[in-house]
**Student:** 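I have a structure I would like to understand better, so I am pasting it below and will then ask my questions one at a time.
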Amino acid sequence: MFGSDVKFTVIPVEGEPYTVQLTLKVAIAFEREYKTTISVALAGEPSAEHLAWCAWKSTQNTGRIVKPFEGWLETEILDITLDGDDPK
């Protein structure tokens with residue numbers, strides 16, 4: 001469904017960039033955490049926090065060991081892009 005088309009490229013502080021996919025499991029976790037639908041949250045101009053949270057949770061679901069969300073933001077990543085973003 002919707003999740004299969006949404007991917008994030010994570011640029012870590014150390015190591016190579018990697019891509020993670022938004023899955024149904026992550027979408028449901030997002031909706032429970034933020035009390036809004038994933039389709040509303042990612043429509044138009046989504047918030048940086050929403051994108052980062054989805055990338056963090058998607059990273060977690062790949063089996064990578066990651067810090068809690070705030071720690072991950074502060075020490076483990078430089079940037080996140082929604083695949084297909086136009087860097088204009």
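Numbers here simply count residues along the sequence, with the first being 1.
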**Student:** Minimum heavy-atom separation for K57 and A29, please, with both atom names.
**Tutor:** CE-CB, 4.1 Å
**Student:** Please give me the minimum heavy-atom distance between T37 and E31, naming the atom from each residue.
**Tutor:** CA-OE2, 3.4 Å
**Student:** Can you see which heavy atom on P12 is nearest to which on G15, and at what distance?
**Tutor:** CG-O, 3.8 Å
**Student:** Only pairs under 3.5 Å count here: list side-chain donor-acceptor contacts from residues 45-54, not counting sequence neighbours, and write none if there are none.
**Tutor:**
{"residue": "S47", "atom": "OG", "partner": "H50", "partner atom": "N", "Å": "3.0"}
{"residue": "S47", "atom": "OG", "partner": "H50", "partner atom": "ND1", "Å": "3.3"}
{"residue": "E49", "atom": "OE2", "partner": "Y34", "partner atom": "OH", "Å": "2.9"}

**Student:** For residues W56 and P68, report the shortest heavy-atom separation together with the two atoms involved.
**Tutor:** NE1-C, 3.9 Å
**Student:** Testing the basics here: between R64 and T59, what is the closest heavy-atom pair and its distance to 0.1 Å?
**Tutor:** CD-CG2, 3.5 Å
**Student:** Begin from the C-alpha positions of I38 and L22 and carry the test side-chain contact (heavy atoms from CB on, under 4.5 Å) through to its verdict.
**Tutor:** CA-CA 10 Å; I38 194 77; L22 180 69; 4.0 Å; yes
**Student:** Who pairs with T36 by side-chain hydrogen bond (donor to acceptor under 3.5 Å, both in side chains), at least two apart in sequence or on another chain?
**Tutor:** none
**Student:** Measuring only between side-chain heavy atoms, which start at C-beta, is V20 closer than 4.5 Å to V26?
**Tutor:** no
**Student:** Indicate every side-chain donor-acceptor pair of residues 69-79 with a distance under 3.5 Å to a residue at least two apart or in another chain.
**Tutor:**
{"residue": "T75", "atom": "OG1", "partner": "K67", "partner atom": "NZ", "Å": "2.9"}
{"residue": "T75", "atom": "OG1", "partner": "G71", "partner atom": "O", "Å": "2.8"}
{"residue": "E76", "atom": "OE2", "partner": "K67", "partner atom": "N", "Å": "3.3"}

**Student:** If you round to the nearest 0.5 Å, how far is CD of Q60 from CD1 of I65?
**Tutor:** 9.0 Å
**Student:** Evaluate the criterion side-chain contact (heavy atoms from CB on, under 4.5 Å) for residue pair L82 and F8; output intermediate values, then yes/no.
**Tutor:** CA-CA 5 Å; L82 186 58; F8 304 94; 3.6 Å; yes
**Student:** Who pairs with Y18 by ring-ring contact (aromatic ring centres under 6.0 Å, His included), at least two apart in sequence or on another chain?
**Tutor:** none
